Amino acid sequence: MQDMDIIGELSWRGLIHQSTDQEHLARWLDERPRTLYAGFDPTSESLHVGNLIPLLLLRRFQRAGHTPILLVGGATGMIGDPSGKSEERNLLAVETLEANVASVREQAQTFLDFDGSAAARVVNNHDWMRGYSYLEFLRAVGKNVPVNVMLAKDSVRSRLERDDGGLSYTEFSYMLLQAYDFVQLYDDYGCELQVGGSDQWGNITAGIDLGRRMRGVQLYGLTCPLLIKADGSKMGKTESGTLWLSAERTSPYAFYQYWINVEDADAGRCLRFLTELPREEIEALDQSRTDEPEKRNSQRKLAAELTQLVHGASGLAAAERATAIFFGAEIEDLSERELAEIFADVPSHELPRETLGGEGLPLVDALVSAGLAKSKGEARRTITQGGAYVNNRRLGEVDARLQASDLANESVMVLRSGKKRYALLRFVG
RNA sequence: GGGGGGUUUCCCGAGCGGUCAAAGGGGUCAGACUGUAAAUCUGAUGGCAAUGCCUUCACAGGUUCGAAUCCUGUACCCCCCA
């Protein structure tokens, strides 16, 4: 672990949104290795692109020699964080939550190093909240939290100003739980810094206040900006929903393709926020984007770095292989083996072989089965408008039927809708 | 407690007895252009065994040859007066 000016590093990347006295924080971090934490909500069974920045933040701190703690909010997840939310949340079922905690914990591990002097640690706040009684909590913690301060927080105030619904007592209490986490981690591990997204500032400062009141210590906080696109929308959302970090939910190929397609206007920020490339390299890519944008060097690098980070070398290789095949070679030239290799990386579906017999399989049905159209009507529309391809050959007849002769090889057919949405259909049996 | 307004297809929002699967915009999908970019332009956009059939205009009933449109009741939301 090399030592470096972590605050300076975060600063040129544009990753510092708010922090407790920045100069003091820089010096304090420089003095000796510190322990810090970031919290993650187990609201789903997989982390998503929105979690990448805080995850990477922990990783960056660890590389600079500090010890990261990744907190999974098994307890806070039972309540629901009102920050940044405009409506009261639905409570998750306890079993769902437990399963989510386990998989989030698992997933987060690929980002951090669990050996060495700055070995990372994963904790679950349910472990210490579970045994806490309501009365004990009110006496020990609640007593130290002024309601007028809580009411002044943006996250609370914006909800109180709405005349519909407001905020439940449960969600209002969320802040106390998160604040207490900070104190607990200070007690257990000497953790003195909390990092998170900009929407966490209120919760972080609540923790800092509580630390001062309960333990008389100075804690620190740092938030990073949210990753949004040039048009103001959230990064990591696709037509079909969220871009997940688990290969089961978003294939490495789809993940890779998302980044390849990032707009120029967003590429620079993505490189700074989401990769660990050195400054010179990122600036060279900025230059390349101005001088020779058609090379898409930024997008290629971004996709490669991130896919490698999230899905490992094999995931990246698979994504690149599928990309090279779809956006390069002639499908007809592909060997059985090559198609078999990419089969797993691309959205794919199986159909019984008989469907190709007789009259053949209507192209319309094939598009629906492959998931490229939501209904036959939509499939028909795509075909009529010239957007349907079989093995990269455009098929414009609405009533076209597919037969065994249309297979790209022994059993696979490559379907495409539009310019770049691919899906494979395998015929078995 | 009294009075008024609202609930429309993925979203916003027109429609106010037949010509309504329902204007317009957004989104989405496809085409052209291009750099697997943006912007722009064009077309499409409830489902299906499809010159027709079925489902949709908060929910349940009713009036009518015929209702998203009229009536009654129910639920939720907004506004005004107490």
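Since the model is a prediction, treat every value here as computed from it, not as a measurement. Numbered from 1 within each chain, the chains take letters A, B, ... in sequence-line order.
Taking atom CD of A/E378 as the reference point, atom P of B/C10 lies 14 Å away to the nearest angstrom. Nucleotide B/C10 holds its C1' atom 9 Å from the NZ atom of A/K374, rounded to whole Å. Whole-Å rounding puts the A/R416 CZ to B/U36 C1' distance at 10 Å. The distance from atom CG of A/L372 to atom P of B/A30 is 9 Å, rounded to the nearest whole Å. At whole-Å resolution of the value, CZ in A/F326 and P in B/U36 are 17 Å apart. For the pair A/Y389 OH and B/A30 P, the computed distance is 10 Å after rounding to whole Å. Whole-Å rounding puts the A/K419 NZ to B/G35 C1' distance at 11 Å. A/K229 has its NZ atom 12 Å from the C1' atom of B/A38, to the nearest Å.
For B/A49, the OP1/OP2 oxygens have a side-chain nitrogen or oxygen of A/K376 closer than 4.0 Å. At the phosphate of B/A37, neither OP1 nor OP2 sits under 4.0 Å from any side-chain N or O atom of A/Y258. Contact between the side-chain N/O atoms of A/K420 and the OP1/OP2 oxygens of B/A37 is found at a separation under 4.0 Å. Of the side-chain N and O atoms in A/T382, none sit less than 4.0 angstrom from OP1 or OP2 of B/C29. In terms of phosphate contacts, A/S417 brings a side-chain nitrogen or oxygen within less than 4.0 Å of OP1 or OP2 of B/A30.
Applying the salt bridge (charged side-chain N to carboxylate O under 4.0 Å, His left out) definition to pairs two or more places apart or across chains, those involving residues 126-137 of chain A are A/D127-A/R130. Within the structure, salt bridge (charged side-chain N to carboxylate O under 4.0 Å, His left out) contacts touching residues 299-312 of chain A (residues at least two apart or in different chains) are A/E281-A/K301, A/K301-A/E305.
The local environment of CD in A/Q403 is crowded, with over 12 non-hydrogen atoms from other residues, nucleotides or ligands closer than 6.0 Å.
Ring centroids of A/Y132 and A/Y180 are separated by less than 6.0 Å, placing the two rings close together. Aromatic ring centroids of A/Y37 and A/F182 lie under 6.0 Å apart.
Within the 3.5 Å criterion, the main-chain N or O of A/L47 finds a donor-acceptor partner in the side chain of A/Q107.
There is a side-chain donor-acceptor pair under 3.5 Å between A/Q178 and A/Q194. No hydrogens or angles considered: a donor-acceptor pair under 3.5 Å links the side chains of A/Q257 and A/T323.
For residues 289-309 of chain A, proximity to RNA chain B is found at A/P293, A/E294, A/R296, A/Q299, defined as any non-hydrogen atom under 4.0 angstrom from a strand atom. Taking a 4.0 Å limit (strictly below) on heavy-atom distances, residues 261-277 of chain A reaches RNA chain B at A/N261, A/E263, A/D264.
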Please produce a list of atom pairs where a protein N or O lies less than 3.5 Å from an N or O of nucleotides 42-45 of chain B.
unit_1: B/G43; atom_1: N2; unit_2: A/Q385; atom_2: OE1; d: 3.1
unit_1: B/G43; atom_1: N2; unit_2: A/Q385; atom_2: NE2; d: 3.0
unit_1: B/G43; atom_1: N3; unit_2: A/Q385; atom_2: OE1; d: 3.1
unit_1: B/A44; atom_1: O4'; unit_2: A/Q385; atom_2: OE1; d: 3.2
unit_1: B/A44; atom_1: O2'; unit_2: A/R381; atom_2: NE; d: 2.9

Would you sketch RNA chain B in dot-bracket for me? Only Watson-Crick or G-U wobble pairs with both distances under 3.5 Å count, crossing pairs as [ ], other-strand pairs as |, the rest as dots. (((((((..(((.....[.....)))((((((.......))))))(((...)))...(((((..]....)))))))))))).
